[in-house]
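A short worksheet on the structure shown next.
For clarity, every value in this text was computed on a predicted model and none was experimentally measured. We use all heavy atoms of the structure for the numbers below, so side chains are in, but hydrogens, waters and symmetry mates are not.
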Amino acid sequence: MFIARATTASSSTLRAAPSRAAFRSHSTRSTRLPSSSSWGRVAIGAAGALAVTYGLTRNAQTIRLEETKAPFEPSTPETRRAPDDKYLTLEEVAKHNLSQDAWVILNGNVYDLTSFHKYHPGGAAVIVQHAGQDVSSIFNPLHPPGTIENNLAPEAFKGKVDPKTAAKAAAAQDAEKARVKAVREALPPVETILGLDEFQDVASQIMVGKKGEYYHGGALDGISNAENKSSFRRCRLIPRVMRDVSVIAPQTTIFGVPSALPIYISPASNALLGHPEGELNLTRGAAKTGIVQGISFVSSFPLTDILEEKEKVEEIIGGKMGMVFQVYVRQEREKTARQVKEAIEGGCQALLLTVDSNTGDFRQSVEKMKGTTGSAEPGRKMKPFNEFTHNVHDPRLNWNDLVWLKELAGDVPIYLKGVSSIEDVRIAKEHGMKGCILSNHGGRQLDRARTGFDSLRSIHAEDPKLSSQIELYVDGGVRRGSDVLMAVALGAKGVGLGRSFLYAQAAYGEKGTIRAVRILESEIITAMQLMGVTKLDELKPEMVDCLRAL
């Protein structure tokens with residue numbers, strides 16, 4: 001079992017995947033390139049945005065070279081010489097712009113993706129649409145150095161273009177790096193950030209264009225995305241007075257793990273887009289503040305690296321941190337099984353099975369950004385559809401599959417992430433699930449899907465005792481400590497935050513993660529005092545008054 005891992009920005013080796021301890025003995029953070037070998041990252045130009053946008057980047061430990069079934073072996077610097085040392089012209093490359101003849105230019109090098117695009121996890125169409133073009137400015141911000149060179153076959157390298165042409169792309173990349181460096185140096189001190197939304201304002205100065213669009217984009221018209229936040233504004237708190245609130249205890253358990261607050265970091269992909277330390281910032285911040293971190297199935301860093309960081313930070317804090325792992329069921333189940341086992345062996349205390357994105361989505365703003373085009377071909381389609389554009393995740397996923405996952409998980413509890421219906425909560429309970437996360441996937445899947453908080457309200461109104469029989473969580477739209485307390489009062493064990501932590505770490509790294517927790521901590525404690533409660537179990541549904549319409 002092999003992975004490709006770059007040890008410097010310009011060279012790589014193909015070697016057996018080491019244990020975390022062995023890897024730590026001969027690797028440093030300064031030389032480690034996150035996910036540089038992920039096949040899901042081998043996407044060209046706007047295809048890079050596709051691979052990121054649809055969460056098709058994969059951990060280097062789980063997407064291995066043989067899994068693509070593509071007829072490639074990694075190339076080496078010796079095999080990447082230009083044929084006859086002759087430069088290729090832009091006009092010559094532009095001729096190769098068909099699905100059966102697709103070339104692209106990346107940082108002065110020309111690659112033939114004719115045999116690869118059919119194996120691209122994000123689909124062949126988006127690569128073909130950009131064939132014959134220089135895609136460096138689109139590709140570079142989304143991928144570590146060496147991604148293409150270390151994964152394509154030697155024969156895929158066709159030559160080089162004129163260095164002057166390549167220099168323009170390199171200059172653009174250097175200019176962007178300089179711009180980001182200047183912006184970071186001019187940021188206000190992290191201690192001056194007083195609300196979570198301020199992190200997005202700051203991070204937007206760093207993450208311009210494609211990066212920012214990926215973070216805040218939603219499906220279609222973005223209605224569900226916007227309502228995630230506004231749904232909390234339809235409710236009001238009813239405080240109680242004349243109570244001793246000199247000592248406040250906001251601690252609880254999240255996914256069966258002790259937590260300093262009723263919040264957790266939701267699994268969200270591609271933290272690397274905002275900061276070079278990506279998910280590692282979240283691991284450090286969560287451990288050092290006592291909250292649970294959810295690890296995305298499509299994190300920027302390999303799962304091995306995150307688990308290694310977990311071990312390091314646990315040595316610092318002198319105890320175990322809370323970490324849970326998000327599961328996507330792929331069509332080839334054995335690959336999902338390997339990743340689940342790795343997460344459990346690495347100390348993840350629960351599995352979050354995502355059930356609302358086993359088929360594709362359509363994030364129109366992102367598709368526009370990528371230059372996606374649609375079909376205008378005539379034809380009467382009178383038969384059922386059974387082909388799926390995004391087929392990495394298994395559209396056949398159903399309740400019977402929980403038997404298989406429970407066998408893999410053993411004693412590790414499983415929670416379903418992305419539930420909206422009370423009937424699905426009840427079925428989950430019947431199948432032995434520990435809990436459900438009420439969510440519409442950040443408004444990024446089915447637009448107009450009900451928000452997680454509105455689903456909680458509906459469940460409480462229909463069956464208020466259900467939350468005592470199966471754990472319920474809310475994910476999406478939380479921005480204030482008062483939002484957290486409203487969810488807890490209506491039966492939630494806690495709430496998850498994804499984008500807020502992505503923006504916080506994008507702007508300030510580990511310190512941003514910690515500061516985000518401290519903001520929520522202060523707001524939660526203050527709100528508890530003003531509501532006249534000292535412990536979370538003192539929050540009652542009658543303390544929340546909501547508009548009738550759901």
Side-chain angles (χ1 to χ4, degrees), residues 190-199 232 235-266 284-294 313-314 316-324 349-350 435 453 456 460 464-465 467-468 471-475 478-497 500-501 504 510-546:
V190 67
E191 294 83 0
T192 65
I193 303 299
L194 302 181
L196 294 185
D197 280 344
E198 292 183 51
F199 283 118
F232 287 94
C235 295
R236 300 291 182 267
L237 297 171
I238 303 175
R240 297 300 302 275
V241 298
M242 298 297 290
R243 296 184 176 186
D244 182 355
V245 290
S246 57
V247 178
I248 302 297
Q251 296 80 17
T252 187
T253 58
I254 299 292
F255 306 124
V257 181
S259 176
L261 294 167
I263 64 171
Y264 65 93
I265 299 177
S266 299
R284 298 165 190 151
K288 293 177 182 180
T289 56
I291 67 170
V292 175
Q293 179 191 14
V313 77
E314 284 176 342
I316 295 174
I317 66 176
K320 296 293 183 180
M321 70 168 290
M323 182 176 285
V324 298
Q349 296 119 314
F453 182 61
L456 178 69
H460 173 74
K465 295 182 179 180
S467 61
S468 64
E471 292 181 15
L472 299 179
Y473 296 84
V474 169
D475 187 335
V478 173
R479 294 295 184 274
R480 292 290 185 184
S482 54
D483 298 340
V484 177
L485 298 189
M486 283 192 286
V488 173
L490 293 177
K493 285 283 292 181
V495 304
L497 297 94
S500 294
F501 280 110
E510 175 187 337
K511 287 186 176 180
T513 305
I514 294 174
R515 178 60 190 148
V517 175
R518 294 300 174 225
I519 289 172
L520 286 169
E521 176 186 71
S522 176
E523 292 180 357
I524 289 171
I525 290 175
T526 300
M528 288 177 68
Q529 289 178 311
L530 293 173
M531 290 182 68
V533 300
T534 60
K535 296 182 296 183
L536 295 176
D537 60 10
E538 295 175 1
L539 291 165
K540 304 299 179 183
E542 53 267 26
M543 292 180 170
V544 181
D545 182 34
C546 298

Heavy-atom pair of closest approach, residues Met528 and Pro250: SD-CB, 4.1 Å
Contact check, side chains of Val544 and Cys235, non-hydrogen atoms, under 4.5 Å: yes
Nearest non-hydrogen partners of Ala286 and Thr513, listed with the distance: N-CG2, 4.2 Å
Considering all heavy atoms, the nearest Ala504-Ala516 contact: CB-CB, 4.1 Å
Spacing of Lys540 atom NZ and Asp537 atom CG [to the nearest 0.5 Å]: 6.5 Å
From Arg515 atom CZ to Ile193 atom CD1, the distance as rounded to the nearest 0.5 Å: 8.0 Å
Val292 and Ile265: CA distance, side-chain angles, deciding distance, side chain to side chain contact (heavy atoms under 4.5 Å, CB included) verdict: CA-CA 6 Å; Val292 175; Ile265 299 177; over 6 Å; no
Gln529: partners by side-chain hydrogen bond (donor to acceptor under 3.5 Å, both in side chains), with sequence neighbours left out: none
Side-chain heavy-atom pair Leu485, Val533 within 4.5 angstrom cut-off: no
Pairwise distance CD1(Ile316) to NZ(Lys288) - rounded to 0.5 angstrom: 5.0 Å
Qualifying residues under side-chain hydrogen bond (donor to acceptor under 3.5 Å, both in side chains), relative to Lys535, sequence neighbours excluded: none
Pairs satisfying side-chain hydrogen bond (donor to acceptor under 3.5 Å, both in side chains), at least one member in residues 257-266, at least two apart: Ser266-Asp475
Derivation of the side chain to side chain contact (heavy atoms under 4.5 Å, CB included) call for Thr253 and Lys493: CA-CA 8 Å; Thr253 58; Lys493 285 283 292 181; 3.1 Å; yes
Intermediate values then yes/no, side chain to side chain contact (heavy atoms under 4.5 Å, CB included), Met486 and Leu490: CA-CA 6 Å; Met486 283 192 286; Leu490 293 177; 5.6 Å; no
Separation of Ile254 CD1 from Gln349 CD (nearest 0.5 Å): 12.5 Å
side-chain hydrogen bond (donor to acceptor under 3.5 Å, both in side chains) partners for Lys511, two or more places apart: none
Gln293 side chain vs Ala287 backbone, donor-acceptor pair below 3.5 Å: no
CZ (Arg243) with more than 12 external heavy atoms under 6.0 Å: yes
Where Val474 and Ala492 come nearest, the two heavy atoms and their spacing: CG2-CB, 4.4 Å
Distance in Å, Ile263 CD1 paired with Thr252 OG1, rounded so as to fall on 0.5 Å steps: 11.5 Å
Glu521 (side chain) donor-acceptor with Val517 (main chain) under 3.5 angstrom: no
Phe501: ring pair (Phe, Tyr, Trp, His ring centres under 6.0 Å) partners, not counting sequence neighbours: none
Residues in side-chain hydrogen bond (donor to acceptor under 3.5 Å, both in side chains) contact with Thr192, at least two apart in sequence or another chain: none
Euclidean distance, Leu237 CG relative to Leu539 CG, rounded to 0.5 Å: 9.0 Å
Ile514 versus Gly285, closest heavy-atom pair with distance: CG1-CA, 3.8 Å
Test side chain to side chain contact (heavy atoms under 4.5 Å, CB included) applied to Ile519 and Glu198, step by step: CA-CA 11 Å; Ile519 289 172; Glu198 292 183 51; over 6 Å; no
Side-chain donor or acceptor of Glu523 paired with backbone N/O of Gly481 under 3.5 Å: yes
Heavy-atom closest contact (Leu196 atom, Val478 atom, distance): CD1-O, 4.5 Å
Close side-chain approach of Met321 to Val257, heavy-atom, < 4.5 Å: no
